[in-house]
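Written below as structure tokens is the structure these notes are about.
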Amino acid sequence: RLNLPSVLVLNGCGISSAGDEGEIAAFCAHVVELDLSHNKLQDWHEISKIVANIPNLDFLNLSSNPLSEAVLEPDCAEAFSRVRRFVLNNTQVSWDIVHTFTHEMPELEELFLCLNEYNTVTASATPCPSLRLLHITDNNLHEWTEVRKFGSMFPSLDTLIMANNNLGSVLESGDNLSRLFPNLRSINLHNSGLNRWEDIEKLNFLPKLEEVRLQGIPLLQTYTDKERRSLMIAQLPSVTCLNGSMVTQGEREDAERFFIRYHLDHPEEELPERYHSLVTKYGKLAPLAEIDLRPRCHAKVEVHCEDRVEQVSIRLDQTVAELKKQLRTVVQLSTNNMRLYYIDKDMCSAFGPEEMKYNTRALHSYSIRDGDGILVVPKTK
């Protein structure tokens, strides 16, 4: 007898009904993951007949099926009780449907509700203690009063992925945050509307938080990439992974020191609380000295020729041959009739002048500085 593979993908196949249940049971005994996305399923009773006949089903994807008007009875939802990962993206299912499922699915660990046009969240009277991951990106959940409901609905929530919801702020006391989300380890708020550092600081009240994703928010738009990352790391002391990159101990120390120096010129009343705790840790740091490591382009040198000395500004990106051309009018000699020597003002007493023998050598390779000298000696005939 033919057994279908453990991962069965039937997306975009025009499926609208279950068909023969006996055949489903016969062929799908080993199916663990089933993808029925982008089909024409619009009746939960038909879907339940499929699910009920796949005894080992762990993952079910029903994304982009026309289920917004479908009615779900509790006895129908019981067929889904063994499913641990459930994807309902772009189905526009109501919160009542979601709650019926979470009530009848005691092993549900991951729930995907993206692109469902949710503006609000309807709380459930019965929590779902098994859920660990909620993926609810690309909805319209702008208000924290809606988002906070997830805490009581999913008390064991470990990962909350809420990118592209334009959440405006985190209006919650620290004590309430730690009570609502005691197990939250990872949060994704990419492209939200957060525009205050106070909202970032609130995340520190999540007692198990380790991973944060926070790109594309208005608060960070005016900073450079380095400033964004450093300031975020310094503000979130317990986070070990930021925007997908691990935070090393060395990077954290550099970021925290940067945070102190960044706020040195801020008025006392504008200093964030984190500044004071970091000053306690590192002390008040002095600004870093600004060192220009770019190669010098010019130098002012003394040109010596017989008994004459003249101050000349020379370009260090030119060659010895080009310098000879520049000095023709200064020393009144042709390029073929002059020999050049470099006088290092600090080393000349020990080593004497260095002949500049090679016409193609660049001047910057001599490390010429202001105050050094060029000795021009006429060639003897």
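No side-chain N or O of N336 forms a donor-acceptor pair with one of K324 less than 3.5 Å apart. Between the side chains of W144 and E172, at least one donor-acceptor pair of N or O atoms lies under 3.5 Å. Side-chain contact, S245 with N243: no donor N or O sits under 3.5 Å from an acceptor N or O. Between the side chains of E69 and Q92, not a single donor N or O lies within less than 3.5 Å of an accepting N or O. Inspection of the K208 and N183 side chains reveals an N or O donor paired with an N or O acceptor under 3.5 Å. Judged purely by distance below 3.5 Å, without hydrogens or angles, the side chains of T137 and N164 never pair a donor atom with an acceptor atom.
Between R185 and D158, at least one side-chain nitrogen of the basic residue sits less than 4.0 Å from a carboxylate oxygen of the acidic one, meeting the salt-bridge criterion. A salt bridge is absent between E110 and R84: the closest approach of a Lys/Arg side-chain nitrogen to an acidic carboxylate oxygen does not fall below 4.0 angstrom. Salt bridge R82/D58: absent, no basic N to carboxylate O contact under 4.0 Å. The existence of a salt bridge linking D372 and K300 is excluded, since no basic side-chain nitrogen approaches an acidic carboxylate oxygen closer than 4.0 Å. For K202 and E198, the salt-bridge test fails: no basic side-chain N is under 4.0 Å from an acidic carboxylate O. Classification of E146 and R148 as a salt-bridged pair fails, no side-chain N sitting under 4.0 Å from a carboxylate O. Salt bridge present: R229 and E251 bring a charged side-chain N and a carboxylate O closer than 4.0 Å. The pair K325-E322 does not meet the salt-bridge criterion, since no charged nitrogen lies less than 4.0 angstrom from a carboxylate oxygen. Electrostatic pairing of E355 and R339 counts as a salt bridge here, judged by a charged N lying under 4.0 Å from a carboxylate O. With respect to the salt-bridge test (charged N to carboxylate O, under 4.0 angstrom), the residues R257 and D254 do not qualify.
A single hydrophobic cluster is not seen to contain both L133 and V83; linkage of ILVMFWY side chains at heavy-atom distances under 4.5 Å, directly or through other members, places them apart. Residue L375 is not grouped with residue I368 when hydrophobic side chains (ILVMFWY) are merged at heavy-atom distances under 4.5 angstrom, including chains of intermediate members. Note: the hydrophobic cluster containing V9 does not contain L88 (ILVMFWY, side chain heavy atoms under 4.5 Å, direct or indirect links). Linking ILVMFWY residues whenever their side-chain heavy atoms come closer than 4.5 Å, directly or via other members, leaves F86 and L115 in distinct clusters.
Applying the 6.0 Å contact sphere to NE2 of H190 captures more than 12 heavy atoms from other residues, nucleotides or ligands. Remark: E273 CD is loosely packed, at most 12 non-hydrogen atoms of other residues, nucleotides or ligands lying under 6.0 Å away. Environment of CD in E143: sparse, with no more than 12 heavy atoms of neighbouring residues, nucleotides or ligands closer than 6.0 Å. Counting heavy-atom neighbours within 6.0 Å of D75 CG, excluding the residue itself, gives a total above 12. Atom CD of Q221 has more than 12 neighbouring heavy atoms from other residues, nucleotides or ligands inside a 6.0 Å radius.
Side-chain N or O atoms of T126 include none that pairs as donor or acceptor with a backbone N or O of H103 at under 3.5 Å.
Closest approach of V212 to V239, counting heavy atoms only: CG2-CG2, 3.7 Å. In terms of heavy atoms, P106 sits closest to S81 at CD-O, 3.7 Å. The two atoms that bring T91 and L62 nearest to each other are CG2-O, 3.4 Å, heavy atoms only. The two residues L171 and R196 come nearest to each other via the heavy atoms CD2-NH2, 4.3 Å. When all heavy atoms are compared, the tightest approach of Q326 to S313 is NE2-O, 3.0 Å.
Considering only heavy atoms from C-beta on, L363 stays 4.5 Å or farther from D317 through its side chain. For the pair H38 and S64, the minimum side-chain heavy-atom distance is below 4.5 Å. Taking 4.5 Å as the limit, every side-chain heavy atom of L8 sits out of range of all side-chain heavy atoms of D35.
Cation-pi geometry between R361 and Y366 is met: under 6.0 angstrom from the ring centre, within 45 degrees of the axis. A cation-pi geometry, defined here as NZ or CZ lying under 6.0 Å from the six-membered ring centre and within 45° of its normal, holds between K226 and F258.
Between Y262 and Y223, the ring-plane angle classifies as tilted under the 30° and 60° cut-offs. Between F101 and F80, the ring planes lie perpendicular to each other; the angle is over 60°, past the 30° to 60° tilted range.
Considering only residues two or more places apart in sequence or on other chains, P378 meets the side chain to side chain contact (heavy atoms under 4.5 Å, CB included) condition with E306, L333.
For the side chain to side chain contact (heavy atoms under 4.5 Å, CB included) test with I233, the passing option among R228, E256, R252 is R252; the others fail.
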